[in-house]
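Quick notes on the structure that follows.
For clarity, every value in this text was computed on a predicted model and none was experimentally measured. The chains referred to below are lettered A, B, ... by the order of the sequence lines, with proteins before strands, and numbering in each begins at 1.
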There are 2 protein chains.
Amino acid sequence: MTKKQLIMEKSIELFASQGFDATSVQQITEHCGISKGAFYLSFKSKDELILALIDHFMMETVSSIDCLVTNANDKEKLLYDFYYLCFDSVNQHSESALIFIKEQTHHLNDKLISKMHYYNQLIEKSILSIIEYVYGDTAQYTKYDLVYCIQGFIKTYMELFFFYNLPADFDTLCKSLVEKTNVLARHTTIPFLSQNLIEMIKQPLNTGIAKEQIIQMIEQDIDEIEESIEKESLILLKEELKEPSLNRALIKGLLENIRHQVQCKSTYYVLRSYFDFD
Amino acid sequence: MTKKQLIMEKSIELFASQGFDATSVQQITEHCGISKGAFYLSFKSKDELILALIDHFMMETVSSIDCLVTNANDKEKLLYDFYYLCFDSVNQHSESALIFIKEQTHHLNDKLISKMHYYNQLIEKSILSIIEYVYGDTAQYTKYDLVYCIQGFIKTYMELFFFYNLPADFDTLCKSLVEKTNVLARHTTIPFLSQNLIEMIKQPLNTGIAKEQIIQMIEQDIDEIEESIEKESLILLKEELKEPSLNRALIKGLLENIRHQVQCKSTYYVLRSYFDFD
DNA sequence: TATAATAATGACTAATTGGTCACGTGTCAA
DNA sequence: TTGACACGTGACCAATTAGTCATTATTATA
């Protein structure tokens, strides 16, 4: 494990329990058993650390969702799987999720805002795909509202698990939510969110994940993987990022090579989005 | 206006735009045109200030809702009115609401947590009343889920207004939400939240509003009101709080006296809850 | 006007913070 | 053994903070 990873893992615990502002770099380094100087060898600043944490968590989440939606083949199950994935992944990374929730509204700086915006839009896009796939024209006029209702369900029930340690019967919960969603999709007639409103919201869809960062992701994967076609593909993709030279077919091929490599699932979906193979 | 009120009003602006941690007492006093010492004459600490702000905002909100529910007489309109009130009051006190949202998850200290818990429970109780009143047995088994769905709707659409400055067509929004709620109430069959789960959550329903604070509210009302039966009733109620001596009928009478005095609407509902006249 | 009481001031303190940097320490190849 | 190099250290710095308190200004009272 690199020092960077160590710092990230250990700092998650502190940030989750005390919040970002209330955790000093001193505390982090003590908790890692390293010196203050060593911290600044891995991260340029404290802000860079939390940005990295949030990126890591959101990248994972977003790409899992993306993966689910892209490979969907069962209309009945997709929505259930989606809900389950949301609760399950937040449950498994509850500390990261807590940081995310805590700092989301705290707008440390502009970078964080646009990051959040970016990830939110990705998730909304996925939810919309699900709705269009599952309900088709049935929800034609109310689909944007449905997106927000689904997010509302998730957010509200999520908090229940965060604030009170409810026994996590995710199966019942998700079945219950699927039913609610079905009912809304089939019986609501009064939309609030129109295409127009949605367009207004979408405007500042700028800053995605920086190329730099994707390169870092790839490098991390390369470190973790043994000599193989997959590894070589990753190396070539990294080169392509640094200096584009291959045509789209070759890139697509390289992506296919790493598609089923579990370790780099996130990377695959991030790259897929970066090279615009949606 | 007392110095305390001045500080509260001015600090809301700063907290809303920068957050609590990022706003120094220095800044607040400069923005008020007073000295640092003067600040500490009104508030024992910076924490006490934000606690007061959140109390003020939540007391107002909760009592408006309580008022609406208590005086309901039109099943068709109640839910609409409730939604409208929520959006409208948050819209009108958007800065306070923003502070509330920002600091809600930041758990400054235990006092804040239990305060939030307390207010949340009051609101949930009101929503449950609405559901029971509007749907009766129809939503018998899913009413607790409905409470959380309603909260989810509000939270999610609220954020839309906060993060993007959407044109606020609250009327359409509320009609749309009422329809969604109706649909859920009539067609859902799979509950997730049972009576049992709800009981688990309710456990730490301790610390309400401190008696001290209610007294301060009353004193503020007394200052603002001219000589009248209402003023005298307030004075007597204040005495009763400090040293209980009257029987419940008399107290109830005093409460009735101030019931329709607009300036002390919050106080009325807080007192009603304190003396347990629900 | 004189005196007491209250309100308000702002320089000050003590503590904490994020971030730096001159100085080890261990590990290579030559 | 030497020297080069990266890795790592923790004392230190400048800036900022919440909160205090001796002093001054203002007001009310006699």
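Within a 6.0 Å sphere centred on CD1 of A:I229, other residues, nucleotides and ligands contribute 12 heavy atoms or fewer. By the 6.0 Å contact criterion, CD on B:E95 is enclosed, its count of non-hydrogen atoms from other residues, nucleotides or ligands being greater than 12.
The interatomic distance linking B:E48 (CD) with D:dG19 (C1') rounds to 13 Å, in whole Å. If you measure from atom CD1 of A:I34 to atom P of D:dC7, you get 14 Å, rounded to the nearest angstrom. Here D:dT9 presents its C1' atom at 11 Å from NZ of A:K3, a figure rounded to the nearest Å.
Under the side chain to side chain contact (heavy atoms under 4.5 Å, CB included) criterion, B:L246 pairs with B:E240, B:L250, B:I251, B:L254, sequence neighbours left out.
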Could you run down nucleotides 13-18 of chain D 5' to 3' and tag each one B, S or - for protein heavy-atom contact under 4.0 Å? ----SB
Check the pair A:E239, A:K242 against salt bridge (charged side-chain N to carboxylate O under 4.0 Å, His left out), reporting the backbone distance first and the verdict last. CA-CA 5 Å; A:E239 291 309 314; A:K242 285 185 174 167; 5.1 Å; no
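Checking A:Q18 against A:T23 by side-chain atom types alone, a donor-acceptor pair falls below 3.5 Å.
Distance alone, capped at 3.5 Å, places no donor-acceptor pair between the B:H56 side chain and the B:A52 backbone. A distance-only check finds a donor-acceptor pair linking the side chain of B:K46 to the backbone of B:F20 [under 3.5 Å].
Annotation: the span from A:E9 atom CD to A:C32 atom SG amounts to 9.5 Å, rounded to 0.5 Å.
Nucleotides of DNA chain C lying under 4.0 Å from heavy atoms of chain B occupy a range whose first and last members, 5' to 3', are C:dA8 to C:dG10.
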